Amino acid sequence: AKGKVRPDQLAASLPQWLELVGDRAEAGRLYEEAFKKAPADPRAARDLALHHMAGGEFDKADPILRGLAEKAADTGTAIWARRTLSLIHI
């Protein structure tokens, strides 16, 4: 499968790999960049919210999750966002 990764897949997976190797700052920058380019993309919003949550930055994850819960086009994403939002307010 080498060489068969589409550029959009690579861009989405690179921040995850950076987190795995301990470069949270660069991963965060890439998540932010993806979210700014496509704020309506549920994957970009979800990835950024989860990044903030993993770093204990619940105040940064909250508005992203609220936006997903209110504006998600599909029910599954909205339910996930509401459930995840409730976890940070326990």
Side-chain angles (χ1 to χ4, degrees):
K2 186 176 180 179
K4 298 195 184 249
V5 177
R6 295 188 328 253
D8 61 316
Q9 291 173 321
L10 181 61
S13 63
L14 181 58
Q16 295 169 354
W17 284 104
L18 288 168
E19 283 190 302
L20 286 172
V21 298
D23 194 347
R24 281 193 45 79
E26 181 63 9
R29 188 187 71 72
L30 292 174
Y31 285 132
E32 289 279 355
E33 184 179 293
F35 183 66
K36 286 178 183 173
K37 283 182 181 177
D41 178 0
R43 179 177 179 162
R46 183 196 67 215
D47 289 348
L48 181 57
L50 289 173
H51 172 76
H52 286 315
M53 289 176 65
E57 301 170 316
F58 302 112
D59 57 321
K60 291 182 179 179
D62 183 280
I64 299 166
L65 291 169
R66 287 185 190 278
L68 265 178
E70 294 170 6
K71 300 173 188 168
D74 69 282
T75 306
T77 299
I79 290 170
W80 175 87
R82 285 192 297 272
R83 183 180 59 232
T84 306
L85 189 59
S86 72
L87 293 173
I88 67 174
H89 291 288
I90 291 179

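All heavy atoms count here, side chains included; hydrogens, waters and symmetry mates do not. Source: prediction; values computed, not measured.
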## Note on the structure
CG (Asp62) and CD1 (Ile88) are apart, to the nearest 0.5 Å, by 4.5 Å

### Query
Hey, what do you get for NE2 (His89) to OG1 (Thr84), rounding to the nearest 0.5 Å?
11.0 Å

Taking all non-hydrogen atoms of both residues into account, name the closest pair between [X] and [Y] and its distance.
{"X": "Ala69", "Y": "Ala81", "value": "N-CB, 3.6 Å"}
{"X": "Ala78", "Y": "Ala72", "value": "N-CB, 3.7 Å"}
{"X": "Leu30", "Y": "Pro15", "value": "CB-CG, 3.7 Å"}

### Task
Go through Asp47 and Gln16 one step at a time and tell me if the side chain to side chain contact (heavy atoms under 4.5 Å, CB included) criterion holds.
CA-CA 9 Å; Asp47 289 348; Gln16 295 169 354; 4.3 Å; yes

Can I get a per-line list of side-chain donor-acceptor pairs under 3.5 Å for residues 32-40, giving both atom names and the distance, sequence neighbours left out?
residue : atom : partner : partner atom : Å
Glu32   : OE2  : His52   : NE2          : 3.4
Glu33   : OE1  : Arg29   : NH1          : 3.0

### Task
Identify whether Ile64 and Met53 are in the same connected component of the hydrophobic contact network (ILVMFWY, side-chain heavy atoms under 4.5 Å).
no

### Query
Same cluster or not: are Phe58 and Leu65 linked, directly or through other Ile, Leu, Val, Met, Phe, Trp or Tyr residues, by side-chain heavy atoms under 4.5 angstrom apart?
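As far as the 4.5 Å side-chain criterion goes, Leu65 and Phe58 are connected within one cluster.
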
### Task
Please tell me if the side chains of Leu50 and Tyr31 come closer than 4.5 Å, counting only heavy atoms from C-beta onward.
no

### Query
Would you say the side-chain atoms of Arg24 pair up with the backbone N or O of His51, donor to acceptor, closer than 3.5 Å?
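Yes; judged by distance alone, with no hydrogens or angles, the pair exists.
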
### Message
Tell me if a side-chain donor or acceptor on Ser86 pairs with a main-chain N or O of Arg83 at a distance below 3.5 Å.
### Response
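Confirmed, Ser86 side chain pairs with Arg83 backbone.
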
